[in-house]
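Notes for the one structure printed next.
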Amino acid sequence: MEVLYANRRAWRVRLLQWGFWAVAALFLALGLLIRMGSGDQDATALLILAPIMAAFALGMELYRSLYVTRIAADGSGVEVETLGAIGRHTRRLSWDELVTAPARRGEWHARGQASTAALLRPPGARLPWIIDTTEDDFREEPIARRLSRRGREARTPR
């Protein structure tokens, strides 16, 4: 298989994923301990913040499931690897499943930094996979070449 994309920054997403869950659990535990010990108002604040942090953690779970760590291609199709809950999840797509241009690129600005990404929508999914191209290059030419060749073959009468 020819590797078209390999992400070296996936540990950042994993750190945020685990960090949000850890903070939510810490707020909940501290809130319950303080509530049992003294019933102070600080416990109420922590118990209110715990589900808010859990909501952020759930958002990171969604982002994590869409964050691509590796793309490889061969003659039979494309293999896309995303972050799983603990490990990694691999999905194989045949060339017939890739029916449109492989990716849409964009640039986002936050905290004075520019981040770039390509979005690749898997067949039947509402949300696209996120291919972080800020530091790692995504070589989509082999996919585009294969799709254009397949399109020409479909238009050619037999």
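Side-chain atoms are counted along with the backbone in the values below, which use heavy atoms only and exclude waters and symmetry mates. This is a predicted model, so every value here is computed, not measured.
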Heavy-atom pair with the smallest gap, counting every atom of Ala54 and Ala24: N-CB, 3.7 Å
Leu28 side, atom CG; Met53 side, atom CE - distance, nearest 0.5 Å: 12.5 Å
Joint hydrophobic cluster, Leu47 plus Met36, side-chain heavy atoms closer than 4.5 Å: no
Flag side-chain contact, heavy atom, 4.5 Å: Pro142 against Leu4: yes
Sub-4.5 Å side-chain heavy-atom contact between Ile48 and Phe27: no
From CG (Asp132) to CG (Asn7), nearest 0.5 Å: 5.5 Å
Separation of Ile131 CD1 from Glu140 CD (nearest 0.5 Å): 7.5 Å
Selection residues 19-29 - residue pairs positive for side chain to side chain donor-acceptor pair (under 3.5 Å), sequence neighbours left out: Trp21-Glu61
Residue pair Arg91 / Pro123: nearest heavy atoms and the distance that separates them: NH2-O, 3.6 Å
Non-neighbouring partners of Tyr67 that pass ring-ring contact (aromatic ring centres under 6.0 Å, His included), sequence neighbours left out: Tyr63
pair Val68-Leu120: side-chain heavy atoms closer than 4.5 Å: no
Where Pro122 and Pro128 come nearest, the two heavy atoms and their spacing: CD-CA, 4.2 Å
Separation between CD of Gln17 and CG of Leu58, rounded to the nearest 0.5 Å: 11.0 Å
Shared hydrophobic cluster, Trp18 / Leu15 (ILVMFWY, side-chain heavy atoms < 4.5 Å): no
Pairwise side-chain contact, Glu2 with Arg139, heavy-atom cut-off 4.5 Å (strictly under): yes
Check: Arg121 side chain, Arg126 main-chain N or O, donor-acceptor pair, under 3.5 Å: yes
Straight-line distance of Thr134 OG1 to Arg9 CZ, nearest 0.5 Å: 4.5 Å
Minimal non-hydrogen separation, Ala117 against Ile130, with atom names: CB-CG2, 4.3 Å
Sidechain-backbone polar pair: Thr69 side chain, Glu81 backbone, donor-acceptor under 3.5 Å: yes
Test item: Arg92 and Ser76 side chains (from C-beta on) under 4.5 Å apart, heavy atoms: yes
Linked, directly or transitively: Leu46 and Leu26 (ILVMFWY side chains, under 4.5 Å): yes
Test side chain to side chain contact (heavy atoms under 4.5 Å, CB included) applied to Arg64 and Thr82, step by step: CA-CA 8 Å; Arg64 178 241 349 126; Thr82 58; over 6 Å; no
Distance, nearest 0.5 Å, that separates CZ of Phe20 from CD1 of Ile52: 12.5 Å
Ile71/Glu79 under side chain to side chain contact (heavy atoms under 4.5 Å, CB included): CA gap, chis, key distance, verdict: CA-CA 6 Å; Ile71 298 176; Glu79 192 172 272; over 6 Å; no
Shared hydrophobic cluster for Leu16 and Leu127 (ILVMFWY, side-chain gaps under 4.5 Å): yes
